S.K.: 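What follows is a single structure, and I will ask about it in a moment.
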Protein chains: 2
Amino acid sequence: MRSYGQYCALAKALDLVGDRWTLLIVRELGLRGPSRYTDLQHGLPGIATNMLADRLREMEDAGIVRRDAAPPPVATALFQLTERGQELVPVLFALGRWGTALMGERAEGDEFRTHWLKYPLEQLFADAAPSEPPVTIELRTGDQPIVVEATGGAVRTHPGGADKPDAVVTGEPDVVIGLLKRRLDLREAKRRGLRVDGDAKALRRLQPLG
Amino acid sequence: MRSYGQYCALAKALDLVGDRWTLLIVRELGLRGPSRYTDLQHGLPGIATNMLADRLREMEDAGIVRRDAAPPPVATALFQLTERGQELVPVLFALGRWGTALMGERAEGDEFRTHWLKYPLEQLFADAAPSEPPVTIELRTGDQPIVVEATGGAVRTHPGGADKPDAVVTGEPDVVIGLLKRRLDLREAKRRGLRVDGDAKALRRLQPLG
DNA sequence: CGGCATCCTCTTTGATACTG
DNA sequence: CAGTATCAAAGAGGATGCCG
């Protein structure tokens, strides 16, 4: 990106991260930690392969990304955020929070990856009953399942299936999100193809913030 | 901007505000309030006139900007942020804070406008002596003077000259900023052409945060 | 003068094919 | 797997013209 040529902190920040795709690459690296090139491509549907290569090089030059040779069994390059790059995560939170208002119906053709839910779930929800025993909810709604845990006041997630979940929620991403954010009630969500197995009351532990 | 086509809050936000210049236009409108087209141009050195017109139209469609006909004596259009647009201000703060680390020497050819200092001064400084009487400092460093007031724990600014300032600081923007952020001491700043008239100790009231 | 619209050039992006 | 090469399309930048 050509520089804005303005002696202003915001403009200087945009000189480095204002390019198309750059902040989404930061999102991927923030969510996944050290990642292979192909994993990044999978998490960035729609990106052209030369774009990803260009951006990673520029971000390396900007001191946001570091490229390491992976240890022997893997033998491939791994990309990860530098410390300076990690400091961009609060920026993602601020922009993402602003963007949640835009997460209504899923537009036709919109891609979805389950791991994108991590930051929203952990940032924009609280555990409604901090003193109760933890609950575990498995969401099945994208390319892979994700486990959501409400424990001690906070919400944590990790990819994959749960061992003995209190509830399993299956459905389209926009319906699952609509239910969690309480824009849809359970009846309406079910009408839209959602299924809840196990204890539906466990869902009440996920308290939308803001 | 073409959509990323990703059902993700961050991607949806960037669909609306990820275009070149868009966030800087939000900065201007946030700093100035309702503004005329030409005032926006002045605060956005380097923007092409068609760019500004295009972006304002897109931002209007996106619900971020409202265009009003000004009341009779002015008889020109005024642009301002909608409520939704104002909600972007925390995003500017997050990105700007990240960008402050990039505010070292002013690169040759970098433009500067004094009013850009408002958010940094108010967000990134505190009043070091909340219980002391207020102090007023006038900065003369860009296209116009700006008054910085430390009062009751907080820092406030407004454009223009002060009535009876405790101190007046004159110099190049990067030197003034370096002094306030304490990357330069007074001796070094003076060597770089800075002048302080009045009570230099008043400057101690401006306490850099973070 | 304020507020754009047009025209043209140059750069960036995107799609696809190909390679070590 | 991890990119590079190529080419077409879209977007940005700059100059200038127009109109109330």
Side-chain angles (χ1 to χ4, degrees), chain A residues 1-6 11 14-25 28-29 32 34-62 65-80 109-111, chain B residues 1-6 11 14-25 28-29 32 34-62 65-80 109-111:
Chain A
M1 163 174 283
R2 94 191 254 141
S3 168
Y4 285 106
Q6 299 185 359
L14 289 170
D15 281 349
L16 292 192
V17 301
D19 265 333
R20 189 159 165 80
W21 290 109
T22 301
L23 283 178
L24 294 184
I25 295 173
E28 283 305 303
L29 292 169
R32 294 171 182 274
S35 311
R36 293 180 304 174
Y37 189 89
T38 351
D39 294 332
L40 292 177
Q41 276 190 307
H42 177 255
L44 294 162
I47 197 172
T49 173
N50 55 351
M51 256 296 96
L52 181 53
D54 286 357
R55 287 291 178 269
L56 285 170
R57 218 175 301 113
E58 292 163 4
M59 292 165 79
E60 217 182 326
D61 292 347
V65 160
R66 185 170 45 238
R67 170 194 319 243
D68 295 322
V74 188
T76 178
L78 285 181
F79 299 90
Q80 63 185 301
D110 268 4
E111 299 275 354
Chain B
M1 162 174 283
R2 72 181 280 150
S3 168
Y4 285 106
Q6 298 184 0
L14 289 170
D15 281 349
L16 292 191
V17 301
D19 264 332
R20 190 159 166 77
W21 290 107
T22 300
L23 282 178
L24 293 185
I25 296 173
E28 283 306 302
L29 291 170
R32 293 173 183 273
S35 310
R36 292 180 305 174
Y37 189 89
T38 351
D39 294 332
L40 292 177
Q41 274 190 308
H42 177 255
L44 293 162
I47 199 172
T49 171
N50 55 350
M51 256 295 93
L52 181 53
D54 286 356
R55 287 291 178 269
L56 285 171
R57 219 174 302 112
E58 293 163 3
M59 293 166 78
E60 216 182 326
D61 293 346
V65 161
R66 185 171 43 238
R67 170 194 319 244
D68 294 321
V74 189
T76 178
L78 285 180
F79 299 90
Q80 63 186 301
D110 268 4
E111 299 276 355

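Residue numbers begin at 1 in each chain, while the letters A, B, ... track the order of the sequences. Note that this is a predicted model, so its numbers are computed, not measured.
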S.K.: Output all residues satisfying side-chain hydrogen bond (donor to acceptor under 3.5 Å, both in side chains) with Asp61(B), sequence neighbours left out; order by chain, then residue number.
M.R.: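 Testing Asp61(B) for side-chain hydrogen bond (donor to acceptor under 3.5 Å, both in side chains), a comparison that skips the adjacent residues, returns none.
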S.K.: What string of B, S and - do you get for nucleotides 6-20 of chain D, 5' to 3', if B is base contact, S is sugar-phosphate-only contact and - is no contact with any protein heavy atom under 4.0 Å?
M.R.: B-----SBB-B----
S.K.: To the nearest angstrom, how far is Leu52(B) atom CG from dA5(C) atom C1'?
M.R.: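 Going from Leu52(B) (CG) to dA5(C) (C1'), I get 14 Å.
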S.K.: Under the salt bridge (charged side-chain N to carboxylate O under 4.0 Å, His left out) definition, can you give me all pairs with a residue in residues 16-25 of chain B, not counting sequence neighbours?
M.R.: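 For residues 16-25 of chain B, and leaving out neighbouring residues, there are no salt bridge (charged side-chain N to carboxylate O under 4.0 Å, His left out) pairs at all.
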S.K.: Take the protein atom CG of Asp54(A) and the nucleotide atom P of dG14(C), then report the distance between them rounded to whole Å.
M.R.: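 The distance from CG of Asp54(A) to P of dG14(C) comes to 11 Å, rounded to the nearest Å.
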S.K.: Nearest whole Å is fine: how far is dG3(D) C1' from Leu44(A) CG?
M.R.: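 It works out to 15 Å between those atoms.
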S.K.: Please report, rounded to the nearest Å, how far the P atom of dC1(D) is from the NE2 atom of His42(A).
M.R.: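 Spelled out: NE2 on His42(A) to P on dC1(D) is 12 Å.
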S.K.: By side-chain hydrogen bond (donor to acceptor under 3.5 Å, both in side chains), which residues pair with Arg32(A), not counting sequence neighbours?
M.R.: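 Per chain and number, Arg32(A) pairs via side-chain hydrogen bond (donor to acceptor under 3.5 Å, both in side chains) with Glu28(A).
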S.K.: Applying ring pair (Phe, Tyr, Trp, His ring centres under 6.0 Å), name anything that partners Tyr4(A), two or more places apart in sequence or on another chain.
M.R.: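 Applying ring pair (Phe, Tyr, Trp, His ring centres under 6.0 Å) to Tyr4(A) gives Trp21(B).
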S.K.: So which heavy atom on Leu52(B) is nearest to which on Leu44(B), and how close?
M.R.: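 Looking at all heavy atoms of both residues, the shortest contact is CD1-CD1, 4.2 Å.
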S.K.: With sequence neighbours left out, which residue pairs that include part of residues 40-54 of chain B fulfil the salt bridge (charged side-chain N to carboxylate O under 4.0 Å, His left out) condition?
M.R.: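 Sorted pair list: Asp54(B)-Arg57(B).
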S.K.: In this structure, how many angstroms lie between the C1' atom of dC4(C) and the CG atom of Leu40(B), rounded?
M.R.: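 Rounded to the whole Å, the gap is 13 Å.
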S.K.: Calculate the interatomic distance between Leu56(B) atom CG and dA5(C) atom C1'; express it in whole Å.
M.R.: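 Rounded to whole Å, this separation is 15 Å.
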